[in-house]
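Here the structure is laid out as structure tokens; the discussion comes afterwards.
Note that ligands are numbered from 1 as they come in the structure, with each ligand's atoms numbered from 1 the same way.
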Amino acid sequence: MKINTNFEKMPQNYLFAEVGKRTSDYVKANPGKKVLRMGIGDVSGPLAPVVVEAMQKAAAELGQKQGFRGYPPYEGYDFLREAIAAYYATLGVRTDPSEVYVNDGAKSDAGNFGDIFDVDNAVLMPDPVYPVYLDSNLMSGRRILYMNGSEENGFLPLPDPSVRADIIYLCSPNNPTGAVYTREGLKAWVDYANDQGAVILYDAAYEAFISDPALPRSIFSIEGARTCAVEMCSMSKTAGFTGVRCGYTIIPKELSRGGQSIGALWLRRQATKFNGVSYPVQRGAEAAFGKEGYAQCMEAIAFYKENAAIMGKAIGSFTKYFGGSQSPYIWLKCPNGLKSWAYFDYLLNDLQIVGTPGAGFGKMGEGYLRLTAFGEREAVLEAMERIQKAPF
Ligand code: PLP
């Protein structure tokens, strides 16, 4: 019996598990201290009222003989696939409901999509990066190429025609840096992928935070994307579903490689390893895309964006930062040239604020720290007061 030795290539702990462990160790050792958590990107809720109503109604239906349902379809109920396609239409993007694959969150698809691709593919991803893309490809033993995000390129690397890649991960608005690709930037990636026959796995988990109409909210608003891209999105941040669990992936009909339809391969994979999302959750997600539900979800997003603006103002008074205005993340440069984990430890031990060390997202993240804007207003104000008084 042999274990998968690729695990030896990965950091021992998943980044957020490490942040959680250091925080809980601190809390255990200092029970009286008020710790303000701005590390893990979890929302503070609550769910939109129409979403709750829809889930309650769906649960009641399941309690009736006529309304009972068993296993859901692998790719999601038609009512939700249609609601998602209709939502894309409001963004000016054409997608057919049959191209929508419902899942239990974008992390699952971001981590699992590699199942349908050969191990012998070169994977290109940004550094800093959302760790799921990296760790899942390390686990399966793929060759990884990095493209550096830096202050010079605004943490938005563009394609280098001399680099050959087969699978490309892009995330916009970006986790962790909050940077958002322009239409021109995405067009450069789409052209590069089509030229190389590569596939872009585009993570749009934070698209609902984009309010600047000049910025693209879907890669499918870019000409040519339907022949080279898959888009993954999540209800977690759009509708506060981090605990409810629902997301979706869009795979255009035109997308095929090696003579095989990517959508058909993905459905084959899902039918083997995934048994669908529960009916009440899908009804809740459908409600979030209704007129009233979406307006209620947008109120929560506006609130988090106000948090980000408050944080940006406070942090900008003592150091440089990125992100914030079109995303829930503030990516700040650690003051006085501190390294990421050193600044993390200072904030935790001296100010009782939890961030996420930039170095945990890759070597280019060293010297930066990520704060999230998903907290309660009171906690955000208190954290900013503490940090402004004693940035370091
Ligand atoms: N993609 C990105 C970029 C994320 O930051 C996250 C969560 O933080 C996810 C995907 C996972 O989302 P979900 O809760 O839908 O699994």
Side-chain angles (χ1 to χ4, degrees), residues 14-20 37-45 47 51 76 80 84 100-114 125-137 149 155-156 168-181 200-210 217-219 229-250 270 274 276-278 281-282 284-285 288-289 297 300-301 304 308 323-324 326-331 354-356 358 360-362 365 370-375:
Y14 182 60
L15 171 63
F16 298 104
E18 180 63 27
V19 168
R37 291 164 202 265
M38 307 178 102
I40 293 165
D42 200 354
V43 294
S44 48
L47 291 173
V51 168
L80 180 54
I84 292 168
V100 178
Y101 298 78
V102 175
N103 58 41
D104 64 349
K107 187 179 190 175
S108 304
D109 283 19
N112 293 329
F113 214 85
M125 62 182 70
D127 177 355
V129 70
Y130 174 53
V132 174
Y133 318 148
L134 174 62
D135 289 0
S136 60
N137 280 288
F155 294 98
L156 293 167
I168 302 158
Y169 286 84
L170 297 177
C171 177
S172 177
N174 189 268
N175 179 8
T177 67
V180 185
Y181 274 107
I200 296 175
L201 300 180
Y202 186 76
D203 188 335
Y206 301 97
E207 61 83 13
F209 284 78
I210 298 178
R217 289 176 63 171
S218 164
I219 195 164
V230 167
E231 180 159 299
M232 297 170 181
C233 203
S234 167
M235 304 296 295
S236 285
K237 314 298 156 77
T238 306
F241 270 41
T242 51
V244 177
R245 311 301 308 141
C246 191
Y248 49 93
T249 294
I250 311 289
Q270 290 294 76
F274 180 63
V277 175
S278 82
V281 165
Q282 294 198 51
F289 285 117
C297 292
I301 289 194
Y304 296 137
Q326 306 290 308
S327 101
Y329 294 120
I330 299 275
W331 179 249
V354 184
T356 306
F361 297 98
R370 190 195 77 173
L371 292 178
T372 81
F374 285 120

Donor-acceptor pair between [X] and [Y] side chains, under 3.5 angstrom:
X      : Y      : value
Tyr101 : Asp109 : no
Asp104 : Ser108 : yes
Arg245 : Asn103 : no
Ser218 : Glu207 : no

For ligand 1, what are the residues with a heavy-atom contact below 4.0 Å?
Gly105, Ala106, Lys107, Tyr130, Tyr133, Cys171, Asn175, Asp203, Ala205, Tyr206, Ser234, Ser236, Lys237, Arg245

Side-chain heavy atoms of Asn174 within contact of Tyr130, under 4.5 Å:
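The answer is no, as the side chains (C-beta and beyond) never meet within the 4.5 Å cut-off.
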
Determine whether Tyr169 and Asn137 satisfy the following criterion, side-chain hydrogen bond (donor to acceptor under 3.5 Å, both in side chains), listing intermediate values before the conclusion.
CA-CA 11 Å; Tyr169 286 84; Asn137 280 288; 3.0 Å; yes

